[in-house]
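Since we're looking at a predicted model, the values are computed, not measured. Only heavy atoms go into these numbers, but all of them, side chains included; no hydrogens, no water, no symmetry mates. Naming convention: chains lettered A, B, ... in sequence-line order (proteins, then strands); numbering from 1 in each chain.
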Amino acid sequence: MRDGARERIVAATATALAAGVRAGQAVAAARALCAGLQVARADPAADARALARLAVALLRFTPDVCLDGGPTDAPGTAALALEVGRTAFHFGGEQALVATVIAACQRAGHHAQIAVADTSEAARTLARASELAGDPAPRHAPNATLEPAAARELFAALPWQALAPAPAVEGACRALGVGTLRELLALPRAGLATRTSIAFVQQLQRLLGELEEPLVRIVVPERLEEEIELPAAVQECAPLLVACERLLQSACLELERRNEAWAGATFSFVPVRRGPSTLLELAPATPTRDPELLLLLLSHRLERQPLPGPIEAVRLAVTQRVECAAEQGPLFAQQRDRDGERAATALADRLAVRLGRERVQGAQLLADPRPERAFRWQALCEAAAPRVAAADGRARANAAWAVPLGARPFTLIEPPQPCAIECDERGAPCAETGARGERLRVVRGPERVAGGWWDGRDVERDYFEVEAPDGQRRWLFRDRVGGGWFCHGSFC
Amino acid sequence: MPELPRKKRHPHPATVAPSRQAPLAPPLSEPFLRYAELHCVSNFTFQRGASHPDELVERAAALNYHALALTDECSLAGVVRAHVAAQATAPAAGQPPRLKLLIGSEVALIDGATVLLYATDRAAYGRLARLITAGRRAAPKGEARLDRALLADHAEGLLAIGLPDEAALAPRAGAAELAHAALRLRWLQELFGERAWLAANLADGPDDRARLARLDHLSAATRLPLVATGAVETHDPARRALRDTLLAIRHGCTVAELGERVPTEGVRPLRPLAELRRLYGPGGAGGSRGRLELLERTLDVAEHCTFRLDELRYTYPDEGDHARLTELTLAGARARWPGGIPDKVQKLLVHELRLIAELRYESYFLTVHELVSFARGRGILCQGRGSAANSAVCYCLGVTSVDPDRFDVLFERFLSKDRNEPPDIDIDFEHERREEVLQHLWERHGRESCAMTGTVITWRGRSAVRDVGKALGLSLDQVERLAGVLHGWDEADWPDATLREAGFDPHDATLRRVVALARELHGFPRHLSQHVGGMVMTRGRLDELCPIENAAMEGRTVLQWDKDDLDALKILKVDCLALGMLSAIRRCFELVRAVHGVELTLANVPADDAATWAMVQRADTIGTFQIESRAQMAMLPRLKPRCFYDLVIQVAIVRPGPIQGGMVHPYLRRRAGEERVDYPSEAVKAVLEKTLGVPIFQEQAMKLAVVAAGFTPGEADLLRRAMGAWRRPGLIASFEKKLVDGMLARGYSDEFARRLFEQLKGFGEYGFPESHAASFALLTWVSCWLKCHHPAALTCALLNSQPMGFYAPAQLVRDARAHGVEVRAVDVAASAWESTLEVDGRAGGVAVPALRLGLQLIKGVSPASVARLLAARAQQPFVDVEEVTRRAQLPRRDARLLAEAGAFGALAAHRRAAWWQAAPAGEAAPLFEKAVVDTVAAPSLPPPREEELVVADYALTGLTLHSHPLRFLRSRVAQLGGAPCSVLARALQGARTAVAGLVLHRQKPGTASGVLFMTLEDESGVANVIVREREQQRHRLAVISGRLLLVRGKVERVGDVVHLLAERVADLSEQVRRLATRSRDFR
């Protein structure tokens, strides 16, 4: 994680911890401790997503799963709070439930530090205390209503660090020589609030159940899914498409509302008597939420897709969505058609639908001095991707690569064909000495090409465009490193 | 001891010139072709040029070029090196060089045009330098900003070649682009008339004929004749990968991403004439007739340029007025010796003044005198050192305080007629006030006549690996790991095993490329920086001598030349250096005057004092100058200095030079009378007698080369300069042979000759001159005398001059208390910002000051808050904590810091109570939260225990007046088998023991082959620990990061000097962290 100019460790694996690496350490210091340390950039967003996924997975234990960001929102303090009072008996009591939850977390690839208490704050504090003590076992606090003394004693004995307070509060605890919550709780609340923060005192109050906790249940992200039952079973394309269009329009409206675009979806065509559905994947070259385009693509697909029998219902599930950058809508709808790029994408999509995605290819120019590496073929749909992502530095440098049109043959002979060439005193080819033995005239050259040492295929060549007596023009080069002449292509 | 900078691998050509033979010219394959390369950048065009200037010059000469123009981007930083190399191409001494060097620059204007400019004569050179200065000064460091108007102002006498707009030459370009390009170049013809050309830079591009046709078109449209240029970036095509790497570094991308920022034809080297003939001759790009006239025209351009760098003349800033110098000297002498100038000194002055007159160095001495008088006028303590500084004249002028009457040394080092070397005086100033002196120089001489010397920062091991690694696409993580396993600074050398350990496959192709390129890049200039203190001043315009640029530091301007360049052109610089000890001594003098009313100066501190010598001999020297380091302290009881000259030796002997040369032990043995002192000849005796036959000073090494090996003084000086380049294999052999042969021829034994050579080699790395050692020794003596007689004042002055020296405040304070100084804690009721002396007792009529620690010791407390606090206190003393925070308007943060550091002293029961009272400081009454208004009485907080105070003290002020932290851990340490550090003093050689302590220092000197020295401290004293490489690896974690270590090992004893050779190291740092809390747990 970056903090100012210094990179700090946020979390470490057990092996790294054993080597002395600690959260909060500068990366350089951690490296000094552990020579082979592998460092990856922290991704708080990914952590949050993982926690959210886990939260959804835990919904099977209780409908009340809450995301508890912790008192300071510092990395690594977020927790999940589960209200299990009402559901525990379904799982054989608290103890059994906790064991099941731990197992579920482990299956999901997480290590869970669990505590059970009357309030969420108390549970989290207790769990953190166990973590600080290095004790992975789950802990159960006594019921504060039934055994108030025992509960209070349990919490009073916890170290204040278990509260994971903000750095300013931490300073106060140290300055006042506080060791446990007991000493903290003995201080006058009002005075403590002035010297730390009101939020901290409220945290203490929540811990003791004196203040209500504002916890928000997680909301399960809904899937974009809709089904239309047809008025009558049909097998023809046209009525099916009408239904599909309705589905598409409704889905695209919803996508627009969320500012998302369609990256992939499945149409299910349900036959009469709910037999096995025919599935149709629809993934355009570039994410879109244009129902017309999608309908067009779908119609092409449907034309080639035989349906086994009459269809009773159509279901659409948008499975892949991407967030869109904000887009300025056109003032007049017909202006859309003038957008050349859009048209090209649509063409590529149509071709891809008919021929298969991988068969529609485009040449992507690369800024590489070596002719054979100055471009690459790739599926056209993918070729368009960098334009959206604009991440590849090479792709950026491409725009103005200065090799003139016509200076290189349209297709290259790969690998270059060795040939026997006789040179004049200036080093230019004048005749082919092989079977043909033709005289050659230099049209252009030498053109020196050098580069590529960085990937181990360094070349240093002098290229000549030569004309044979029959008027055919070939592109020859002399390998300046290994010697010898090669033919690399011919001009039409 | 500051580590002297290691020398770069590629030495300045001036230091190696005589030993180098100009390479033999290849047979002239093209007898009729003559060519001058007019467009060539060296690696002083940072992150682009891939050859040193001298490499380019040598190669151009070898290729039989008529001339070479060095045209670095808006810079003349490489021209001196190129000039020296060009001089060396002369077939024999006295003959003209085979290669003519043109001085020029590639200048990019803000409108996008790029122009090459050349100086035709001295005046034009001055304008070029001023143009570059103007462009550089108008932009942030490292950049330049020039426009046509600026160029027009400086155009007289310059030649110009316009570079064509590549966009107009691109095959895709149409007529519009061509017309546009012509329009952009036409002003060049208007401004320079017949002195302007257009660059025809053909280089086997995709279609050279088409390119030349377009160039012809452009030439016609602009009326600029075409001339062939090569856009050269390297002398050798094999540097292609390096050039690509440099460009990638420049653009902040990887080499694979460079794309069209690199031409398809790769790199453009200096081309053989045959290749040029093929390109421009018949059948080439110019068609069947060829265009050889484009090559011929390069000579026309070269003919116009008659300027040579050796035409530059340096003039001293002050006029050489002998009468004035004599007058000032005599006035100074009368002030130094009010009772009459001693005979000996009078004779010396006459001799020196005559010599100065003969060599015409009056202006130099007057300049230095002016500087020193300025500093004195401002109350800034300063002291000169260097060959000329320790002269009677300098003593009289107040440049130095080494009294030529009291200390009988060094006069033979003064200026001599036969050594044509400019006088050398460095002046040390108080480190906090040197900037005043520098700014005074700029004020007095003007920005155009005064600048700091530049320093070329070169790529070295780690920086090279980092930048190359990034350019080759290694991840940041990999780059750091690779740089991390680099051993040493200078060599990019990785054994396979090391690479494997760092998680790399040593056979990986990319990794091998990174390693090879990092090695190649090593020693390349990376950027210009400023010299530590070298100031150059001239009477005329300095910016007509060399361009001046902005330094990174506000208000400073720097020359584009470094000290070797200045040396090569005999341009004088005065080193104005910053020395922390001078700040401390000045403060100490002031404190002594305030307490005792005694006016001390560097010159009137008693010259001899038995108590001080006794203190020095028992190595009781913490806080003194130079002899306080651990190595110095280990030497003191063995050398036992008895007189000033012993101190001079002591200062010079504990240096890597004498240590590597193996001089230390012979000297000590001879001094102790255990070894006979014999000299192979009278001549050698004269040089080495005062150091008992062992060369200790750099001057002795040079002089030995003269008297024993027959070097001329000039050659000896070259030897001194070349010493930095010992690693260059050819050079070492040539000097070794000359030295050894010379000595054998003069009848010295082979064994003596070899031994001497080895010793001299040691000096090569880090020689220390006697003239500097003497000036340092004076400061050493003064600081020792002050420590002996005014320990409170010295400690106070040192604390106020931090950071400086070898010891942190904690050790200084501990040492002062051990010497009976009463040290009082920080206290808002008594402390000032700085530490102060409080006099409230007298012993036998003499004031006994106590040291009151200053509030500045509390880390992070704001000076403004403290100023308000002191002002409030001056009005009325404080009665409680709340009142302090209110009246001083302390921000919450400062109030809390003061409380935690215990600075509220008697105003509160203890620190926790003080914190509770101070903590709400700066808090506005809450608007809505009435309930939390602080009406509750203060709680009764338990007082902190001593160990908690100690931990807080260390955290906040770095020192404690309570017990040493180890005292609280003693029982724990004893359980682990650890003894107090003091046991080492009595331990026997070879005994095994264990000690624990806080780590004071970790040092890994370059001379000690990977051995790490550590100093541990506990409540009983310190222990010196040696950790060898194997143990470092085994206990890496503890050795690198541990704050409290338990070291088990074997006792190594040499006389009184005891080390513990570590066998096992355990980290107990966790114990310290627990100190504060643990005590409570046990309660």
Side-chain angles (χ1 to χ4, degrees), chain A residues 19-20 27-29 31-40 171-172 174-177 179 186-191 193-195 198 201 366-369 393-394 396-398 400-408 424 426-428 444-451 453-456 458 460 462, chain B residues 170-172 203-207 209 240-241 244 253-262 264-267 278 283-284 472 477 480-481 484-485 501-503 509 513 896 899-900 911-912 915-916 919-920 923 929 931-936 938-939 941-942 944 948 1036-1037 1040-1041 1077 1080-1081:
Chain A
V27 170
R31 265 214 186 84
L33 296 175
C34 176
L37 188 70
Q38 307 272 340
V39 183
R174 287 186 203 283
L176 290 171
L187 294 171
R189 293 281 162 81
T194 351
R195 284 159 184 84
I198 293 169
V201 172
L366 302 173
D368 195 301
R394 245 193 257 206
R396 254 184 294 131
N398 265 336
W401 186 241
V403 173
L405 212 60
R408 291 180 179 182
D424 62 13
R426 303 176 66 251
R444 191 167 55 87
E447 174 192 352
R448 183 154 301 169
V449 167
W453 55 270
W454 49 85
D455 57 19
D458 196 20
E460 240 181 87
D462 280 341
Chain B
R172 248 178 279 167
D204 291 327
D207 195 347
R209 279 188 200 188
R240 172 153 56 87
D244 289 352
C253 62
T254 67
V255 281
E257 288 166 357
L258 271 173
E260 63 158 9
R261 287 173 284 214
V262 190
T264 37
E265 64 262 29
V267 72
R278 172 179 63 68
L472 264 65
D477 183 43
E480 286 310 314
R481 264 191 288 146
V485 293
E501 183 200 321
R513 273 180 217 119
R896 291 180 172 189
E900 284 168 44
R911 288 184 196 189
R912 286 180 187 156
W915 194 91
W916 185 263
E923 171 98 328
E929 305 274 345
V932 293
V933 172
D934 196 12
T935 51
V936 201
L941 293 156
E948 288 171 320
R1036 197 177 164 86
L1037 190 61
I1040 291 177
S1041 68
T1077 52
R1080 304 189 70 82
D1081 299 343

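For D455(A), the side chain to side chain donor-acceptor pair (under 3.5 Å) test picks out R370(A), with sequence neighbours left out. By the side chain to side chain donor-acceptor pair (under 3.5 Å) test, R911(B) is found to be paired with D953(B), residues two or more places apart in sequence or in another chain being considered.
Here A241(B) is the residue among A241(B), A899(B), A509(B) with the most heavy-atom pairs under 4.5 Å with chain A.
Proximity to chain B is absent for every atom of A428(A), based on heavy atoms less than 4.5 angstrom apart.
For T264(B) against R408(A), the heavy-atom pair with the smallest separation is CG2-NH2, 4.0 Å. Between P446(A) and R278(B), the shortest heavy-atom contact is CG-NH1, 3.3 Å. Looking at every heavy atom in both residues, A367(A) comes nearest to E260(B) through CB-N, 4.1 Å.
For R513(B) and W454(A), the positive end is not near the middle of the six-membered ring at less than 6.0 Å and at most 45° from its axis.
R896(B) places no side-chain N or O within 3.5 Å of a backbone atom of A172(A) that could act as its donor or acceptor partner. A donor-acceptor pair is defined here as one N or O able to donate and one able to accept, closer than 3.5 Å; such a pair exists between the side chain of R195(A) and the backbone of W916(B).
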